[in-house]
Amino acid sequence: MAERDEPTGALVRPYAVTRGRTRPRLEIALEALVETTNRGRTGASGVGSTGNEHQYIAAMCDNGLQSLAEIAARMHMPLGVARVIVADMAADGLVAVHEPTSLEDEPDAVGTELLERVLSGLRRL
């Protein structure tokens with residue numbers, strides 16, 4: 001998609017994009033990774049309301065996994081609005097959401113390794 005095709009968020013009020021809803025169909029973590037499914041790639045024009053936001057998210061997540069936070073930031077829209085849209089798309093089978101694993105479920109060594117990688121990445125910034 002060309003840069004000029006990116007949604008600006010300022011042109012359409014967030015409540016209009018989500019049809020007045022503030023709660024997503026399913027809870028999605030901020031760091032959850034989103035990818036486009038085969039159904040999302042083909043457009044699935046008959047499913048729900050596939051507006052410009054849906055098309056943009058499908059294209060963005062087809063080029064690689066994107067976190068919910070990245071999607072909201074790249075679309076210049078509030079996180080809550082992005083969460084509702086992505087949840088709708090997931091419910092319609094247009095995207096797959098990969099929730100992060102809980103550190104409580106992992107052994108301490110693995111949790112410590114994850115935190116060390118995050119710290120190392122932050123230092124590189």
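The model shown is predicted, which means the values in this text are computed figures rather than measured ones.
- To the nearest 0.5 Å, atom CE of residue Met75 and atom CD of residue Gln66 are 11.5 Å apart.
- Nearest approach of Glu31 to Pro100, heavy atoms of both residues: OE2-CG, 3.3 Å.
- With Thr37 contributing its side chain and Ala96 its backbone, the two residues share no donor-acceptor pair below 3.5 Å.
- Of the inter-residue distances, the one linking Leu68 atom CG with Cys61 atom SG reads 9.5 Å to the nearest 0.5 angstrom.
- The hydrophobic cluster containing Leu33 also includes Leu65, under a criterion of side-chain heavy atoms closer than 4.5 Å among ILVMFWY residues, counted directly or through chains of members.
- Counting heavy atoms from C-beta outward, Val95 and Glu35 have side chains that stay 4.5 Å or more apart.
- Note that the CE atom of Met77 and the CD1 atom of Ile71 stand 10.5 Å from one another [nearest 0.5 Å].
- For Glu99, the side-chain hydrogen bond (donor to acceptor under 3.5 Å, both in side chains) test picks out no residue, with sequence neighbours left out.
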Side-chain donor/acceptor pairs under 3.5 Å, residues 79-86, sequence neighbours excluded:
residue : atom : partner : partner atom : Å
Arg83   : NE   : Ile28   : O            : 2.8
Arg83   : NH2  : Ile28   : O            : 3.1

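- A distance of 10.5 Å separates CD of Gln55 from CG of Leu94, quoted to the nearest 0.5 Å.
- Residues Gly93 and Arg39 approach most closely at O-CB, 3.5 Å, considering heavy atoms.
- With sequence neighbours excluded, the residues satisfying side-chain hydrogen bond (donor to acceptor under 3.5 Å, both in side chains) with Asn38 are Arg41.
- Here Ser67 pairs with Glu70 under the side-chain hydrogen bond (donor to acceptor under 3.5 Å, both in side chains) rule; sequence neighbours left out.
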